[in-house]
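Here is the structure we will look at.
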Amino acid sequence: MVEELFEKAIGRVIDSGYAVCDYFIEDKLVKGLRHNLKTLFNNDDLKLAGIGKWDHFQKDRSIRNDRIHWISDQSENTFEKEFLRLVDQFVNYLNSTCFTGIKTYEFHYALYQKGAFYKKHIDQFTNDIGRKYTMIFYLNEDWKGGDGGELVLYFANSEVKILPVAGRLVFFESHKIEHEVKPAKRERMSVTGWLKNTETKLKL
Ligand code: OGA
Ligand code: NI
């Protein structure tokens with residue numbers, strides 16, 4: 001039951017401030033999304049990601065150097081449609097159980113080539129409070145501890161390291177947790193996005 005997964009993710013955020021949920025997306029969907037991402041890369045359809053917003057927008061390679069591609073709401077791709085349907089269900093569940101008032105969302109593929117990173121940051125721009133929740137879905141088969149590429153969540157007196165293993169979801173409130181992506185010894189793939197309480201869709 002998909003509701004049990006949703007319940008687990010939401011419960012963990014309420015209890016600990018963040019959730020790590022394995023087997024959140026099925027293997028078939030993980031494979032399909034990974035195939036899409038590889039195709040985008042091979043066709044040179046990934047762009048270097050930016051930071052900041054509007055006039056603050058910059059592409060500072062010393063902060064992040066992953067490559068991204070936004071998933072369109074109108075996508076006709078089977079796997080993207082399945083993925084967005086799952087997000088829709090999750091948002092409906094979240095709104096009906098927690099009165100979160102999420103109105104929209106935006107998701108992108110991300111590919112970190114070997115050695116790529118994203119330095120410590122918060123997923124909310126100073127002049128955009130629309131991003132309420134961050135969701136990161138990992139697509140990497142057989143990821144080992146020694147491969148690096150951990151997501152590090154920083155808390156006042158501790159930190160948590162999370163490996164980007166296939167099927168795993170990481171979920172937290174966007175403005176609350178500083179985090180970082182450590183360089184990896186291999187290509188690191190994910191779909192990352194934000195649930196928002198504004199209609200504005202800003203895609204960088
Ligand atoms: C981001 C981010 C984390 C990850 O895209 O803002 O922090 O583990 N991603 O990919
Ligand atoms: Ni982030």
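In each ligand, atom 1 is the first atom listed, and ligand 1 is the first ligand listed.
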Less than 4.0 Å is my threshold; does some heavy atom of H121 fall inside it relative to ligand 1? yes
Would you please classify the geometry between the Y109 ring and the H69 ring as parallel, tilted or perpendicular, with 30° and 60° separating the classes? tilted
To check your reading of the model: name the closest protein heavy atom to atom 8 (O) of ligand 1, its residue, and the distance in Å. Y138 OH, 2.5 Å
Nearest-neighbour protein heavy atom for atom 3 (C) of ligand 1, which is reported as residue plus atom name and distance: V181 CG2, 3.4 Å
At less than 4.0 angstrom from any non-hydrogen atom of T192, what atoms of ligand 1 do you find? 5 (O)
Using a strict 4.0 Å cut-off to heavy atoms of D123, name the atoms of ligand 1 that fall inside it. 6 (O)
Using the six-membered ring wherever Trp is involved, compare the ring planes of F24 and F137 and label them parallel, tilted or perpendicular (cut-offs 30° and 60°). tilted
Aromatic ring pairing F172/H179, orientation class (parallel under 30°, perpendicular over 60°, tilted between): perpendicular
Side-chain H-bond candidate by donor/acceptor type, Y105 with D88, under 3.5 Å: yes
Give yes if a backbone or side-chain nitrogen or oxygen of R188 is under 3.5 Å from a nitrogen or oxygen of ligand 1, and no if not. yes
Test of geometry: compute the angle OD1(D123)-the Ni ion (ligand 2)-NE2(H179) and round it to 10°. 100°
Closest to atom 1 (C) of ligand 1 among protein heavy atoms sits Y118 CE1, 3.7 Å
Quick one: does any side-chain atom of S190 pair with a main-chain N or O of T192 as donor and acceptor, under 3.5 Å? no
Out of V30, N140, V20, which one pairs with R168 under the side-chain contact (heavy atoms from CB on, under 4.5 Å) rule? V20
